[in-house]
Structures are given as C-alpha cells and as structure tokens.
Amino acid sequence: MCDETRYLTFALGKGRLAKKTLALFEQIGIEMEEMKDPDTRKLIFTNEEYKIRFFLAKGPDVPTYVEYGAADIGVVGEDTILEENRNIYEVLDLGFGKCRMCVCGPASAKELLNHHERIRVASKYPRIAKDYFYNKKHQTVEIIKLNGSIELAPIVGLSEVIVDIVETGSTLRENGLEVLEEVCPLSARMVVNQVSMKMEHDRITDLISALRKALENEEA
Ligand code: PRP
C-alpha cells in the first residue's frame, strides 16, 4: 500500500530564529541534519520519517508563503507578523527571540513626543509605527520607511525618532540614543495557513501540543 501522507511544509525566517526552531524540533524528535551544514546551497530539506519539509526564507516573506499555502506552517517574529498583516493563524508563542518594539531617539526628543509635535519617524516597520502613533497616541507624524541601520536616522537628521526593535539595547547605547516609549513586547511565533489548519488539523494540533510541552519542560 502506498503512503499517501502529504508533506507538511514549514517556512522558517533565516537566521537566529531558524536555529532555535531547529533545536526545538530536535527536542521533539524531529531532526534536520542536512540543514545544519553551513556550506549547503540547498533551499529545501525533507524529513522522510515525519513527512515534513523545511525551507528558509527572508523573515518578511514567511507570512506570504503561509498565507498562499506554499508553506503550511511558518516561524517568524511577531514584529514581522504585525507588519505584514496577512490572513494567517497565529498558534504558538515560541518564547525565544524576545525583544521589544520601541520608539527611540535622543533624550531631547522626549519633549516632542510629550507635546504631540508633528515629527518624522523612521522605521523598517511603517505599519506598526503608523498604528502606534495614529491609533494609540493620536499623534500625526510623518513616517519614513528605511530598510536597516535605523539608528542612523536621528543621528544624521533624517528623523527625530525611530520605531525599531530593541533587544540588548547596545545599538542604542553605542549611538547615544535611548528608549523613549515602548510599543509592544515581541517574540517568535508559529503561524499556520487557514486551509491547512482544517485539512491537516490533527497533525498540526499534535505538533503544537508536542512543541508546547517541550517549551514548558525548558522553562521548568
Ligand atoms: C536590529 C534592530 C536594532 C538592533 C537591536 O537590527 O533593528 O538595530 O537589532 O539589537 P540590540 O538592542 O541588541 O542592540 P539588525 O541587527 O537586525 O540589523 P538592521 O538594523 O540592519 O535591520
């Protein structure tokens, strides 16, 4: 009889989150040895025993793969989920990749925030920045989209403040900036395609339970 189990496909955001995700999967007995080879140019990796496939993608593309069903499941930061705003289910807080989304700038910018001045805000996360200033603070600002090294913006005079991720705070400290307001806490999340959640309900919920248990054991 042929085995008709279909592959469950996972999209992982490249980098630290992917490494931690693989370590977590190992804890529940799912190994992806090939994926650990730093020299490999392969894009997709299969575990035949569990009928699972993993691929690495740019973080902001993970919710896209999951919404369209090219991946059943994704692992990506909450920041990316909020920014991309895709139609996907968020099913599990993986607890790692903890950091904060903050409004940052020089101490002198505090006054501008307190007085609801029409300031410029640079960010890699224009949707999150807009939601925070317009819907939570009711402050009209000009949002400038950047793609990286956001801390440069207030230093060179592109903007008064930034909305960015703060993890250890060392990038801010080394550049004479500080956290002025906190937007929200962040961590890595597991997301699921809405159709896959119905079609593969048992496999996916079993997997979520196993991962949740492994995470609880880690905490204990
Ligand atoms: C992120 C973020 C901050 C930094 C925060 O940048 O945008 O710059 O990390 O970490 P810290 O609080 O531990 O210093 P990333 O390294 O991803 O590069 P990018 O700024 O080019 O996006």
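Whatever order the structure lists ligands and atoms in, that order sets their numbers, starting from 1. Residue indices begin at 1 and follow the sequence shown.
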Subject >> Exam field: side chain N193 to backbone V195, donor-acceptor pair closer than 3.5 Å >> reply: yes

Original post:
Is it true that R16 and E167 have a side-chain N and a carboxylate O under 4.0 angstrom from each other?
Top reply: yes

**OP:** Name all residues meeting the salt bridge (charged side-chain N to carboxylate O under 4.0 Å, His left out) criterion together with E78; count only those two or more places apart in sequence or in a different chain, and write none if there are none.
**Re:** R189

Original post:
Excluding sequence neighbours, so at least two apart, what forms side-chain contact (heavy atoms from CB on, under 4.5 Å) with K130?
Top reply: Y134, I143

Subject >> Close-range residues for ligand 1, whose non-hydrogen atoms fall below the 4.0 Å threshold >> reply: K124, G148, S149, E151, D164, I165, V166, E167, T168, G169, S170, T171

Original post:
Got a sec, which pairs hit side-chain hydrogen bond (donor to acceptor under 3.5 Å, both in side chains) with one end in residues 21-31, sequence neighbours left out?
Top reply: E26-K36, Q27-E218

Original post:
Is there side-chain contact between K98 and P185, with heavy atoms separated by less than 4.5 Å?
Top reply: no

